[in-house]
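Worksheet: the structure to be examined is printed underneath.
Predicted, not measured: the structure shown is a model, and the values here were computed from it.
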Amino acid sequence: MNAPFASTPIPRKGYLYVIVAAMLWAVSGSAGKYLFNHGVTPYQVVQMRVTLAAGLLFLWLVVSAPRKLRIAWRDVVYFMILGITGLAMVQFTYFYTISKIKVAAAILLEYLAPVLIALYSVTIAREKLTWPTMVAVTGATLGCYLVVGGYNLNLFHLNKVGLLSGLASAVSFAWYSVHGEHGMRRYSPWTVLFYAFFFAALFWNIAHPPLEAFRHAYAPVQWAWILYIAVLGTLVPFGLYFHGINLIRSTRASITATLEPILAGFVSYFFLGETLERLQIIGGFLVIGAVILLQVRREFDDATPELLRARQHGVS
């Protein structure tokens, strides 16, 4: 029965999903920084972000695919852990970090996640990474360092709380990527994402006064950025990222997501008139090259969540 799945090539559309997610995330960090500079706290942004995303996704699934809301009771603890230690923490640590240090430094710290995922795959999951994947991890990490101007950032003199929060965001990013992949072996990416958002929203409405963030008077431009962050900075890109993991797995998806700082740099260059140094341009090419390497060197993987679910249901 498993023969039709042997030597299955990685679907390239999985990379496309993550690239689009990275494009949307590229604007989200700057939007958050704008809100912080105008009196909105990281706690409020995160509470609104996950609560709106969970509510909107619930309504969409009720209308379009109610069966995707069904889960086994034995998996409630899994989704609770994914939502609280994964999505709830990565949302907060990232925004809290950019409220304390520069956005570039926050992105650099968060995108240590592909290294952590690769280390997890080799040491704990006992998986053998191919040489293109290992080269891509190295190239993407180095490229990300150059793109955000890491050589100009004295990390040891940054705000210590912001530095620790940035490292925590990398751990949370890696954790929800790997842990989310495990859930997708049994459930649709939308099911995994909804319950992760649900428990993240539940957590942030207990840790922070329930719906407190919504009980403030915001200017129209602030509401515009809040809605952007909730929909196009959270719900849509996380959905695309999870669908990417579903097709290409967490290591490749996290490497591809390092395009986010590249895209943010291009936006700043073309629309804000900011300059790019030579090393930043070189870093951009390194990241782009890493993503291209994963696709040109067509890899095969019989353990993607989509294939594992298909086997469980006897799909040939």
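- A perpendicular orientation is assigned to the rings of Tyr241 and Tyr176, their planes being inclined by more than 60° (bins at 30° and 60°).
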Determine, step by step, whether Leu82 and Val192 satisfy the side-chain contact (heavy atoms from CB on, under 4.5 Å) criterion, reporting the C-alpha distance in whole Å, the side-chain angles of both residues, the deciding distance to 0.1 Å, and the verdict.
CA-CA 9 Å; Leu82 176 64; Val192 175; 3.5 Å; yes

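- One hydrophobic cluster, built from ILVMFWY side chains closer than 4.5 Å, cannot hold both Val77 and Tyr187; they sit in different ones.
- Cluster annotation: Val171 is not connected to Phe203 through the hydrophobic network of ILVMFWY side chains, with a link wherever side-chain heavy atoms come within less than 4.5 Å.
- The CD atom of Glu110 sits 11.5 Å away from the CG atom of Leu167 when rounded to the nearest 0.5 Å.
- The backbone N or O of Ala217 sits nowhere less than 3.5 Å from a side-chain atom of Gln222 that would complete a donor-acceptor pair.
- Counting non-hydrogen atoms of neighbouring residues, nucleotides and ligands closer than 6.0 angstrom, the CZ atom of Arg215 exceeds 12 such neighbours.
- One N or O on the side chain of Arg252 and one on the backbone of Ile248 form a donor-acceptor pair closer than 3.5 Å.
- Residues satisfying the side chain to side chain donor-acceptor pair (under 3.5 Å) test with Tyr111, not counting sequence neighbours, are Glu260.
- Side-chain polar atoms of Ser172 and Ser169 form no donor-acceptor pair below 3.5 angstrom.
- With ring centers used as reference points, Phe238 lies under 6.0 Å from Trp25.
- The distance from atom CE of Met48 to atom CD1 of Ile229, rounded to the nearest 0.5 Å, is 8.0 Å.
- Under the 4.5 Å side-chain heavy-atom criterion for ILVMFWY residues, a single connected hydrophobic cluster contains both Phe214 and Val50.
- By the rule that hydrophobic residues join a cluster once side-chain heavy atoms approach within less than 4.5 Å of another member, Ile81 and Phe173 end up as members of separate clusters.
- Ring-centre distance between Trp190 and Phe242: not below the 6.0 Å cut-off.
- The distance between the ring centers of Phe92 and Tyr43 falls below 6.0 angstrom.
- Formation of a donor-acceptor pair under 3.5 Å by the Thr141 side chain with backbone atoms of Thr138 is not found in this model.
- In terms of heavy atoms, Ala53 sits closest to Ala230 at CB-O, 4.0 Å.
- Taking each heavy atom of Arg70 and Thr191 in turn, the nearest pair found is O-CG2, 4.5 Å.
- Under a 4.5 Å side-chain heavy-atom criterion applied to ILVMFWY residues, the cluster that includes Ile117 comprises Tyr120, Ile124, Val178 as well.
- Counting only N and O atoms by type, the side chains of His216 and Gln44 include a donor and acceptor under 3.5 Å apart.
- Between His182 and Tyr78, the gap from one ring centroid to the other reaches at least 6.0 Å.
- With no hydrogens or angles considered, no side-chain donor-acceptor pair links Arg186 and Gln312 at under 3.5 Å.
- Annotation for Phe58: atom CZ does not count as buried by contact number, only 12 or fewer foreign heavy atoms lying within 6.0 Å.
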As a quick check of understanding, evaluate side-chain contact (heavy atoms from CB on, under 4.5 Å) for Val20 and Leu16, giving each step before the final call.
CA-CA 6 Å; Val20 176; Leu16 178 61; 4.3 Å; yes

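- Rounding to the nearest 0.5 Å places SG of Cys144 at 8.0 Å from CG of Leu112.
- Among all heavy-atom pairs drawn from Ile245 and Pro305, the shortest one is O-CD, 3.6 Å.
- Other residues, nucleotides and ligands place more than 12 heavy atoms under 6.0 Å from the OH atom of Tyr218.
- Side-chain contact annotation: Thr51 with Trp204, donor-acceptor N/O pair under 3.5 Å absent.
- In this structure, CG in Leu109 is found 10.5 Å from OG1 in Thr93, a value given to the nearest 0.5 Å.
- Between Ala196 and Leu87, the closest heavy-atom pair is CB-CD1, 3.4 Å.
- Atom CD1 of residue Ile84 and atom CZ of residue Phe79 lie 13.5 Å apart, to the nearest 0.5 angstrom.
- Shown here for Thr97 and Ser165, the closest heavy-atom pair between the two residues is OG1-OG, 2.8 Å.
- Within 6.0 Å of CE on Met23 lie no more than 12 heavy atoms contributed by other residues, nucleotides or ligands.
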CA sep, side-chain torsions, deciding dist, call: Leu240, Val18, side-chain contact (heavy atoms from CB on, under 4.5 Å):
CA-CA 6 Å; Leu240 290 169; Val18 181; over 6 Å; no

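- The backbone N or O of Pro189 lies less than 3.5 Å from no partner atom in the side chain of Asn246, so there is not a single donor-acceptor pair.
- Residues Phe197 and Met80 share a hydrophobic cluster, clusters being chains of Ile/Leu/Val/Met/Phe/Trp/Tyr side chains in contact below 4.5 Å.
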Walk me through whether Tyr96 and Val161 qualify under side-chain contact (heavy atoms from CB on, under 4.5 Å).
CA-CA 9 Å; Tyr96 186 78; Val161 175; 3.5 Å; yes

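- A donor-acceptor contact closer than 3.5 angstrom is absent between the side chains of Tyr195 and Asp75.
- The minimum heavy-atom distance between Gly83 and Ala200, with the atom names listed, is O-CB, 3.4 Å.
- Between the His179 side chain and the Trp175 main chain, no donor and acceptor come within less than 3.5 Å of each other.
- In this structure, the side chain to side chain donor-acceptor pair (under 3.5 Å) partners of Glu181, at least two apart in sequence or on a different chain, are Arg249, Ser250.
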